[in-house]
Amino acid sequence: MDQLLQHLLNATILGGTYALLGIGLTLIFGIMRVVNFTHGELYAFGAYCMYALVMPLGLNFFMALVVAMALGALLGATIELLLLSRLRGADIDTTMLVMIGAWIALQNAEQLAWTGVALSINNPFPSEPLIVGPLSVSWNRVYVFFVALLLILGTYYLINRTHLGKAMRATFQDRDTAALMGIRIDRIHTATFALGSALAAAAGALLGPVFVVAPTMGDLAAAKAFAIVILGGLGNIKGATLGGFILAFVEELGAGYISSGYRDAMGFLLIILILLFRPTGLFAQKERVG
Amino acid sequence: MLELRDLVCRYGKVTAVKGLSLKVERGQLVALIGTNGAGKTTTLKAISGLLPPSGGSIWFDGVDITRASARKILSLGIAQCPEGRHVFPYMTVTENLEMGCYLRTDKQEIAADFERMFEQFPRLAERRLQPAGTLSGGEQQMLAIARALMSRPKLMLFDEPSLGLAPNFVERTFDIITNIRANGTTVLMVEQNALAALEMCDHAYLLESGSLALSGSGAELIDNPHVRSAYLAG
């Protein structure tokens, strides 16, 4: 019983970052119809920024997260302006190929800049875990969970309540009519890509100190992000949030009770099942963004 | 107020509008009639800045808006109520109206306009928190009109306002358009229901395969034998 509770707690904490990883990707697909293969690299970029800011530069651990997110948004905006803005109206295959190219280029650039050696980031939390009854969890993971939750809620607020968020939803629902309202479609695209990128960078910056930072870390993160987004239905923010938690629970329980060697395989097995039986995702609904 | 000079619009290799010239004077209700594919909707898209013209020019209050952005054109005072209503289906009625005044910053005046719209369209007030996609066709048309009015336009463009509406809503829609003009907003309306359009307009232009075939007052066009046989038959 205690073991089960511990697994459930671990899954919940992992689920927060998975959800964060998922909503960034689903937002970009939902609004821009772009399958963002650079998502995992932005995650890795966030982790590397965290490393560079905290370790050699000695910036405050918490400030570094904010700066890493801002840099992630900046990199996202740059990708959008350099590549995607030229591809408006191009078919989805062309965009996908270009994004795959960007993915490879970014990953190799990371390897060039930081070499292939895995790096670790110190965190300011006590090394003793937080113990509640039979359960224990590291302080850093508790921090990661609550920041992820805060960012998810912030994204919901942004999309549903702010002027910018409403313009994003309008643009996604009806581009030409949104233009008739005076919305600058190009800027909305850049802002959306920057936002999705900042969320990916945040996930990387949060998890970098939990694990180690390496140039290929983005690959598994991207694969999982796609799994989460498929679980929730493409373009569905609520679905991606729930999808993140479901993937975490499946992985954690699968690893705990079946085989820990197949931890990462569990999620993909789930995706195969979902694609076979419910190809539009678990939470398919008409509204995609919002 | 609005003037098109030799407007040419192309979609790829297809020329939809072939050198159209027309004028809309301030305070008028002008109708643009013609069959499907005559280039009416294309003309409105060009005026609103959604489709850059391939030739000719568009002037509004003495300003050349031929290559202006949709945002710029709206801010100069031209709003469009598009064909097929095009409400934002997953946004609420209120959010749709908010989009209509996206460029305005005068909060108090906006609040007053909201009140006015809800007073004028009580059905929208009842459904203000409902997603627009759940409204009936007629209610969506009211919302699309109210949304366009939220920008306080000097010139309203209507694209096929009666298309696909139940008969009672068709009449209501035309009444609303007549009212909008009576309140001082100039109207340019594209309409397939030629008789209704000609009866309510001050001036009309007949488009045939992208070119101007005839123009005159509504009454003149109603009496024209070509119009009678081709557009008002029966």
Side-chain angles (χ1 to χ4, degrees), chain A residues 23 26-27 29-33 85 88-91 155-192 232-240 280-281 283-290, chain B residues 12 41-42 44-52 68-92 94-105 107 110 129 131-134 140 143-144 147-153 156-159:
Chain A
I23 57 174
T26 218
L27 194 69
F29 182 82
I31 290 179
M32 306 176 65
R33 301 276 122 177
S85 67
R88 279 307 131 66
D91 60 70
T155 307
Y156 273 95
Y157 181 83
L158 179 88
I159 296 291
N160 289 309
R161 294 274 178 267
T162 65
H163 210 52
L164 175 67
K166 285 174 190 174
M168 284 177 173
R169 286 159 62 209
T171 303
F172 156 63
Q173 289 171 29
D174 198 323
R175 236 180 107 128
D176 271 3
T177 310
L180 279 181
M181 303 295 120
I183 295 168
R184 274 179 288 218
I185 306 300
D186 285 339
R187 290 210 188 169
I188 293 295
H189 279 242
T190 309
T192 307
L234 287 166
N236 183 332
I237 296 184
K238 279 177 204 144
T280 49
F283 312 101
Q285 54 177 44
K286 280 193 186 141
E287 170 151 24
R288 301 229 169 152
V289 169
Chain B
T41 295
T42 308
L44 291 195
K45 280 194 170 165
I47 298 171
S48 278
L50 293 180
L51 180 78
S69 68
R71 181 184 174 97
K72 174 80 183 152
I73 289 165
L74 178 70
S75 69
L76 287 172
I78 305 181
Q80 185 181 149
C81 181
E83 178 180 351
R85 308 178 282 277
H86 284 270
V87 295
F88 299 112
Y90 308 120
M91 297 173 84
T92 64
T94 305
E95 285 174 334
N96 267 271
L97 294 178
E98 282 172 23
M99 290 297 107
C101 53
Y102 185 74
L103 293 184
R104 288 174 55 187
T105 49
K107 282 194 174 164
I110 288 175
L129 296 179
T134 63
Q140 287 187 14
L143 178 57
R147 183 181 62 187
L149 286 173
M150 285 302 287
S151 70
R152 293 201 171 173
M156 262 285 260
L157 308 177
F158 282 96
D159 195 357

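Only this structure's heavy atoms are used, side chains among them; waters, hydrogens and symmetry mates stay out.
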Side chain B/S151, main chain B/A148, donor-acceptor under 3.5 Å: yes
Option in A/A170, A/A167, A/A179 with maximal non-hydrogen atom pairs under 4.5 Å from chain B: A/A170
Heavy-atom donor-acceptor pair, B/N96 side chain to B/F88 backbone, under 3.5 Å: yes
B/K72, part contacting chain A, at a heavy-atom distance under 4.5 Å: neither
Residue B/Q80 versus chain A: region with a heavy atom under 4.5 Å: both
Salt-bridge present (A/R88, A/D186; N to O < 4.0 Å): yes
Best-contacting candidate, B/M150, B/M99, B/R147, against chain A by heavy atom pairs under 4.5 angstrom: B/M99
Side-chain donor/acceptor of B/Q140 to backbone N/O of B/V87, under 3.5 Å: no
